[in-house]
Amino acid sequence: MSLHQELDKLRGKALTDLKQIKDQDSLMALRIKYLGRKGELASIMALLKQVAKEERPQLGKLVNQVKRELEIAFLRVSKTIGDRKSQGIDFTLPGIKPPIGHLHPLMRVQRELEDLFRSMGFMVLDGPELESEYYNFESLNIPIWHPARDMQDTFYIKGGKPDNRWLLRTHTSAMQVRALEKYGAPLRAVVPGRVFRYEATDASHDHTFWQLEGLVVDKDISIANLIGTMKVFLSGIFQREVEVRLRPGYFPFVEPGFELDMKCLVCNGLGCRSCKQSGWIELIGCGLVHPRVLEFGGLNPKEYSGFAFGLGLSRLVMMRYKIDDIRLLLSGDLRFLEQF
Ligand code: PHE
């Protein structure tokens, strides 16, 4: 019998055998018999070597054709008999519920704040976490020699220019001048985001935390606008009256500047570790935008004024859910996360 005939015979035999197949196990056995590494087709292929050189390419082509045809036939049968597991499944049995995740408390509060500020006509902006010294400090009226740089020490990245290095931003205020450059005035924007500090960690400090910046620039903006906005937003987020106090606070990029503290909700003002036993939580730094900052943003401070605030989003989340250690937020501990 010529190789050609043998190939034909094998093809016919395989296709007839296939018709008898009813389950995956025997299909697999048949597949090994014909198409396996030591199967019948393989032994015909081995014989190709003995064929005259001129005939070899043509025969080789034929072998491949048969192989492909059989493979398709096997696949078709495999599909019609279904997979091994679906045979004998009882569809009335109760299923296994796939675990579904949920938003991290930080993201939940962040999104709520975004909605709240959007409803007051603010845009929501996003900014880079890897920032330049210029936007993080210089353009906020904090020159290189200024002691305020030590108060917000951070992680510097290798490279960059000696007078404008790359760093992990220490506050979302780094977006103030970026936003002014891009959108000009009038402007109402909030910027939620992750910030970093080179810091010894404890229950109320972490090296990585979240803030939400707010910036409003227009004509005739005053402290009354600032206080009004803070009140609306705090009662909106806590859905109740919260006690706050305003103290003078120093930030080189506002003048005058304030710290807005909130009565600690974890201990109700009695003193606990999340408020460092003081009964109050430093929640918001704010003030009227410093004229220098407006200038850096390309605006004339004689024409425009504005207010800015930086809200400790992580702290707010802690107050909201009565979390007494900031480090839990980034711990990734499911025992913590699954409580929300
Ligand atoms: N960026 C300041 C901080 O991180 C907070 C702040 C923002 C203060 C805007 C005033 C105005 O501490």
Side-chain angles (χ1 to χ4, degrees), residues 110 113 117 122 124-125 127-129 131-143 146-155 167-180 187-199 204-218 221-223 225-230 233-234 244-262 276 280-294 296-297 299 301 304-318 326:
Q110 179 181 317
L113 284 171
F117 279 106
F122 285 72
V124 178
L125 302 179
E129 293 172 348
E131 189 46 284
S132 65
E133 274 185 302
Y134 176 74
Y135 287 113
N136 198 83
F137 291 127
E138 195 78 31
S139 72
L140 291 169
N141 200 26
I142 314 174
H146 200 289
R149 288 217 181 178
D150 298 334
M151 279 153 51
Q152 295 194 1
D153 200 4
T154 181
F155 304 91
L167 47 74
L168 292 182
R169 66 175 177 190
T170 60
H171 50 186
T172 43
S173 302
M175 270 298 282
Q176 286 191 13
V177 168
R178 281 185 182 277
L180 288 176
L187 179 77
R188 279 187 215 177
V190 289
V191 189
R194 185 159 52 168
V195 301
F196 311 84
R197 303 234 177 130
Y198 179 73
E199 188 125 48
S204 53
H205 297 88
D206 208 345
H207 48 72
T208 302
F209 56 101
W210 267 257
Q211 287 187 329
L212 182 131
E213 190 81 6
L215 180 62
V216 171
V217 175
D218 207 334
I221 294 288
S222 74
I223 292 178
N225 300 117
L226 166 65
I227 294 174
T229 309
M230 294 297 96
F233 130 73
L234 281 172
V244 295
R245 67 178 189 193
L246 206 60
R247 318 176 264 130
Y250 176 65
F251 305 96
F253 38 97
V254 287
E255 179 60 38
F258 307 99
E259 300 256 17
L260 192 147
D261 303 338
M262 188 179 116
K276 287 188 271 178
W280 293 89
I281 293 278
E282 265 181 49
L283 197 60
I284 304 176
C286 53
L288 294 187
V289 181
H290 196 285
R292 293 273 295 152
V293 176
L294 292 172
F296 274 115
L299 295 176
Y304 286 102
S305 53
F307 69 78
F309 58 90
L311 161 82
L313 192 57
S314 301
R315 295 242 169 106
L316 190 74
V317 171
M318 291 171 74
I326 193 170

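Atoms within each ligand, like the ligands themselves, are counted from 1 in listed order. These numbers were taken from a predicted model, which means no experiment stands behind them.
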Without swapping roles, check the side chain of [X] against the backbone of [Y] for a donor-acceptor pair under 3.5 Å.
X	Y	answer
Arg188	Phe117	no
Asn141	Pro252	yes
Arg169	Arg194	yes
Ser139	Tyr134	yes

Look only at interatomic distance and state if Thr170 has a nitrogen or oxygen under 3.5 Å from any nitrogen or oxygen of ligand 1. no

Does the N or O separation between Ser173 and ligand 1 drop below 3.5 Å for any pair? yes

Can you name the atoms of ligand 1, numbered from 1 with element, that are less than 4.0 Å from a heavy atom of [X]?
X	value
Gln152	3 (C), 4 (O), 12 (O)
Cys286	8 (C), 10 (C), 11 (C)
Gly285	6 (C), 7 (C), 8 (C), 9 (C), 10 (C), 11 (C)

Looking at Arg197, Arg169, Glu213, Met151, the heavy atom closest to atom 9 (C) of ligand 1 belongs to Glu213

Listed by chain and number, what are the salt bridge (charged side-chain N to carboxylate O under 4.0 Å, His left out) partners of Glu259, not counting sequence neighbours? none

Is the closest heavy atom of Ala308 to ligand 1 under 4.0 Å? yes

Residue portion contacting ligand 1 (non-hydrogen atoms closer than 4.0 Å) for Phe253: side chain

Starting from atom 7 (C) of ligand 1, which protein heavy atom do you reach first, and at what distance in Å? Gly310 N, 3.2 Å

Mind telling me whether His171 and Phe137 have parallel, tilted or perpendicular rings, with 30° and 60° as the class edges? tilted

Can you tell whether the side chains of Glu133 and Arg149 come within less than 4.0 Å, N to carboxylate O? yes

